[in-house]
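Working notes, structure below.
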Amino acid sequence: MHEVPEAMTETRTAVKPIIVIRNLTQAYVSRNYGMFGKKEVKPVLNNINLDIAAGEIFGISGESGCGKSTLARCILGLIDYKGEIFIDGTLQQPGKQLNPASQMIFQDPGASLSPTKKVGWLLEEPLVIHRRGTAIERSRKADEMLVRVGLDPLYRNRQVNELSGGQKQRICIGRTLMLEPKILIADEAISSLDVSTGAQILNLFSELRQSLGLTVIFISHDRNAAEYLCDRVMVMSS
């Protein structure tokens, strides 16, 4: 079970919280010996209370299996939970995905991108799905996003297998930003990258916070990286 230290429940003064979490509890239920076996309840999160300020980079660190990703999925509304989560003042419904206001970046950028599609198509796809803009507007926005994440617009004609790990992660970040979310959750976003490339991605998150006013939740087992990037860091333990 995990509890947030009291010192971490205080948000920055004079800044309105965009995420408010009250009495959040989450547990996994499994059955032993098949579907008719005895239920086993495994607590994962225990009575978490937390405010995250608008425009803050908030770190969540801790060992593997301590509930970091579970907390992120609760915030995104991807899994059920007990308690209350408010996003920008609105009470969220457990199990209802918060899309597109909140977006998530995952550990393995290659697994998130289709190897058969070009970068321009991958960036424009979220806009096509949500029926935003004309073809010309979507193409222009994709080019602008490439520049924003530190890549030349000519990368729109490349395929995923032509990109380095860091370039793939930049594309993943750009893709999540195409729908202009308020909250970006990065779950172990640099763990598959070398130290130098990871540092560049950390700096990119900082730049995006400044230029877009994003709220970033940075999840990492690397506490040093979290402390380098984040305004505050919450450390979770088993």
Side-chain angles (χ1 to χ4, degrees), residues 16-20 52-58 69 71-79 85-153 155-158 160 163 166-190 201-202 204-219:
K16 179 182 177 182
I18 192 171
I19 300 174
V20 177
I52 299 177
E56 180 176 15
I57 301 183
F58 185 83
S69 295
L71 176 56
R73 288 182 172 88
C74 289
I75 294 172
L76 285 166
L78 296 176
I79 59 176
I85 298 179
F86 296 86
I87 305 291
D88 211 13
T90 301
L91 178 64
Q92 305 304 300
Q93 299 299 318
K96 305 293 185 180
Q97 184 174 7
L98 308 178
N99 186 25
S102 304
Q103 294 287 309
M104 193 165 187
I105 301 166
F106 297 95
Q107 178 175 351
D108 184 0
S112 304
L113 302 172
S114 172
T116 63
K117 300 297 184 181
K118 291 185 177 180
V119 166
W121 188 95
L122 291 168
L123 289 173
E124 292 180 39
E125 184 187 23
L127 299 179
V128 173
I129 292 173
H130 290 272
R131 300 179 181 179
R132 294 191 182 183
T134 64
I136 293 175
E137 290 169 340
R138 292 193 294 266
S139 178
R140 183 185 303 117
K141 188 167 184 176
D143 288 348
E144 292 171 351
M145 187 59 67
L146 284 168
V147 174
R148 188 175 290 279
V149 298
L151 296 173
D152 191 286
Y155 274 78
R156 67 159 30 254
N157 297 314
R158 295 194 182 187
V160 173
L163 305 176
Q167 290 167 345
K168 291 177 184 177
Q169 195 60 288
R170 289 176 186 270
I171 297 302
C172 287
I173 294 169
R175 182 177 162 89
T176 64
L177 295 178
M178 291 294 284
L179 294 175
E180 301 178 358
K182 295 180 178 180
I183 300 165
L184 190 64
I185 300 179
D187 190 2
E188 299 288 0
I190 65 169
I201 296 298
L202 293 181
L204 176 60
F205 284 134
S206 182
E207 292 167 8
L208 292 172
R209 185 263 289 268
Q210 294 295 330
S211 61
L212 299 177
L214 280 174
T215 301
V216 180
I217 299 176
F218 180 75
I219 301 171

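Computed from a predicted model, the values in this text were never measured in an experiment. Computed over heavy atoms, backbone and side chain alike; hydrogens, waters and symmetry mates excluded. The chain is numbered in sequence order, starting from 1.
Of the residues Ile57, Leu71, Leu184, Ile185, the one that meets the side chain to side chain contact (heavy atoms under 4.5 Å, CB included) test with Ile217 is Ile185.
At least one donor-acceptor pair closer than 3.5 Å links the side chain of Gln92 to the backbone N or O of Thr90. A donor-acceptor pair is defined here as one N or O able to donate and one able to accept, closer than 3.5 Å; such a pair exists between the side chain of Arg138 and the backbone of Gly133. Under the 3.5 Å distance criterion, the side-chain polar atoms of Arg170 are matched with a main-chain donor or acceptor of Val149.
Glu180 places a side-chain heavy atom less than 4.5 Å from the side chain of Lys141. A 4.5 Å side-chain heavy-atom check between Ile183 and Leu214 finds every atom pair outside the cut-off.
Here the CG atom belonging to Leu212 is positioned 13.5 Å from the NZ atom belonging to Lys182, to the nearest 0.5 angstrom. With rounding to the nearest 0.5 Å, the separation of OH in Tyr155 from CG in Leu146 is 9.5 Å.
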For residues 118-129, which side-chain donor-acceptor pairs fall under 3.5 Å, sequence neighbours excluded?
| residue | atom | partner | partner atom | Å |
| --- | --- | --- | --- | --- |
| Glu124 | OE2 | Arg156 | NH2 | 3.3 |
| Glu125 | OE1 | Arg175 | NH1 | 2.9 |
| Glu125 | OE1 | Arg175 | NH2 | 2.6 |

Practice item. Please test Ile201 against Ile173 for side-chain contact (heavy atoms from CB on, under 4.5 Å), starting from the C-alpha separation and ending with a verdict. Key: CA-CA 10 Å; Ile201 296 298; Ile173 294 169; 4.1 Å; yes
Exercise for review: Report the C-alpha separation of Ile105 and Gln169 in whole Å, then their side-chain angles, then the decisive distance to 0.1 Å, and conclude whether the side-chain contact (heavy atoms from CB on, under 4.5 Å) test is met.
Suggested key: CA-CA 8 Å; Ile105 301 166; Gln169 195 60 288; 3.3 Å; yes
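Minimum heavy-atom separation, Leu76 to Ser102: CD2-CB, 3.7 Å. Summarising the geometry of Met104 relative to Thr176, their closest heavy-atom pair is O-CG2, 3.7 Å, with the distance given to 0.1 Å.
Judged as a side-chain contact (heavy atoms from CB on, under 4.5 Å), and not counting sequence neighbours, the contacts of Lys168 are Pro109, Leu113, Val160, Leu163.
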